[in-house]
Amino acid sequence: MPRETGLEDFERQATRGAALLETLRGTASVAGGFIDVLEAAAAEIVPLVHSDCSAAGPASDEAFEAYRDELLRGLREAGPLDGLLLFLHGAMTTPTRPDPEGDLLQALRGELSPDLPLMVAFDLHANLSPRCTQLCHALFGFHYSPHTDMAETGARAARCLLAKLAGRQDPRLALVKVPLVLPSIFTATSLAPLSEIVARSLALPQDVPGVIDASVFCGFAYADTPDLGFSVAVIADGDAALARREAEALAAQIWQQREALLHQGLVLGLDDGLHQARALAATSERPVVVLEHADRLNNSTWCLRRLLEDAAGLKVHCPYFWDPQVAAQAVAAGRGARIAVELGCATLERSGGVIAVEAEVLWAGHKRFIGSGPMRKGRPIDLGPSALLRFGDVSLSVVSLCTSAIDLDALEQFGVAFAELDILLLRSKTHFRAVYEPLAAAIVIVDTPDWGTADLSQLPYRHAPSDLYPLASESKTRQSVDKAPSAP
Ligand SMILES: [Zn+2]
């Protein structure tokens with residue numbers, strides 16, 4: 001990805017200290033889960049800093065170093081602590097750091113006493129590095145994608161920290177890497193056999209005495225790192241060998257299912273996909289979702305160009321098209337104006353190129369609201385200068401800050417009713433399913449040559465392991481790493 005995610009991008013979402021507690025308490029976020037459990041236990045919370053950005057280009061080294069140094073400073077100023085809870089995504093890279101989360105944990109460990117309990121919650125899409133297991137006592141991942149259990153994951157980590165501090169549990173962690181990577185589109189946990197693998201991980205603590213927690217991490221195919229791929233983490237009470245045995249068994253199940261996990265027939269080419277979507281929409285009572293999943297920056301124009309050329313009389317809408325230039329132009333022109341726009345100011349050839357077209361401005365202004373969807377409930381959302389544009393049968397909301405449309409806020413905040421559409425063009429990977437899977441007549445997944453293509457062989461990997469399935473047709477190598485038992 002050519003564009004780095006800089007400090008100013010992260011700072012737009014950043015919150016600190018007392019404001020962090022106010023902003024995130026009761027939300028569907030990991031920090032919301034931390035706060036719920038810690039406050040219920042009357043623990044004293046020292047909130048440091050929280051920020052997140054949509055998946056985009058690599059984080060800048062400057063941004064990484066600024067937050068690392070801020071956390072180190074915060075730990076020094078906090079004085080003696082009983083434990084540390086962190087939420088890290090786990091698939092970040094920077095231009096010089098293939099494993100920034102490992103670097104961060106290493107730096108934090110250097111500031112803390114070696115046995116200070118440190119628990120980390122990670123995203124299901126983390127590309128975990130084996131060294132993470134040496135640097136924290138336990139790690140926890142979201143069980144689902146869409147990530148509807150972010151707060152519960154934070155709560156799992158916080159409960160485990162409290163249990164360790166009270167001497168009720170002695171968490172021992174094993175992490176097993178699986179040499180398999182999937183395009184994000186196939187990491188939807190409602191798709192079998194991934195659904196069965198996740199169900200197995202959820203059942204482990206009930207079925208196997210001594211197991212505290214188990215997480216399956218699917219990895220993130222669009223980060224080029226030596227740690228790319230699936231991992232399984234199991235935590236057992238005082239028994240590292242048990243944790244390792246169960247993690248290896250689950251990893252073996254994933255490896256055995258690798259072909260079925262790669263849903264070759266689920267994506268269609270551009271022409272076939274749009275043809276099928278138009279045909280379905282023409283005969284369905286409910287709208288059809290077209291998923292241009294390969295778009296990583298919400299500004300691809302492959303599908304949009306075709307639909308603008310020929311919407312076949314169908315009512316089409318595309319939310320959250322990321323184009324600050326067109327948004328500013330529409331805001332300057334105002335409601336009711338007709339303007340000539342070039343959609344896709346930052347769109348590269350691989351993302352479909354610029355579309356020159358005339359638009360009617362239906363609404364324009366600065367868009368801010370509080371999220372209501374299952375993943376963004378209670379979170380303040382700022383899209384910056386934004387507009388609702390119409391091009392005949394096709395309408396489009398353009399925004400200045402890059403955000404994925406995953407819930408009904410993306411439509412309703414602009415006065416668009418889902419039920420009145422024929423085709424909704426989305427660019428989410430799995431998160432849209434929590435809301436749109438039950439509402440849509442069908443989901444048609446279209447693959448394009450864009451950066452997030454489902455055909456991973458099209459991507460120029462330089463650092464990923466050479467033995468990853470399906471990049472390498474067969475792989476027999478497996479790396480397994482255990483946490484060295486720490487002193488009791
Ligand atoms: Zn994720």
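Side-chain atoms are counted along with the backbone in the values below, which use heavy atoms only and exclude waters and symmetry mates. Numbering of ligands and ligand atoms starts at 1, following listing order. In this text, all values refer to a predicted model and were calculated from it rather than measured experimentally.
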N/O/S atom of His89 inside 2.8 Å of the Zn ion (ligand 1), strictly under: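 So His89 does not count as coordinating the Zn ion (ligand 1).
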Presence of N, O or S from His431 under 2.8 Å of the Zn ion (ligand 1): no
The Zn ion (ligand 1) to Asp123: nearest N/O/S atom name: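 It is OD1 of Asp123.
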Any Tyr469 side-chain heavy atom under 4.5 Å of Glu259 side chain: yes
Under-4.0 Å salt bridge between Lys164 and Asp237: no
With the Zn ion (ligand 1) as the apex, the NE2/ND1 angle for His147 and His125 - to 10°: 100°
Within residues 145-164 or reaching into it, pairs that qualify as ring-ring contact (aromatic ring centres under 6.0 Å, His included) - sequence neighbours excluded: His125-His147, Phe142-His147, His147-His431
Gly219 backbone acceptor or donor facing Asn127 side chain under 3.5 Å: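 Checked: no pair found.
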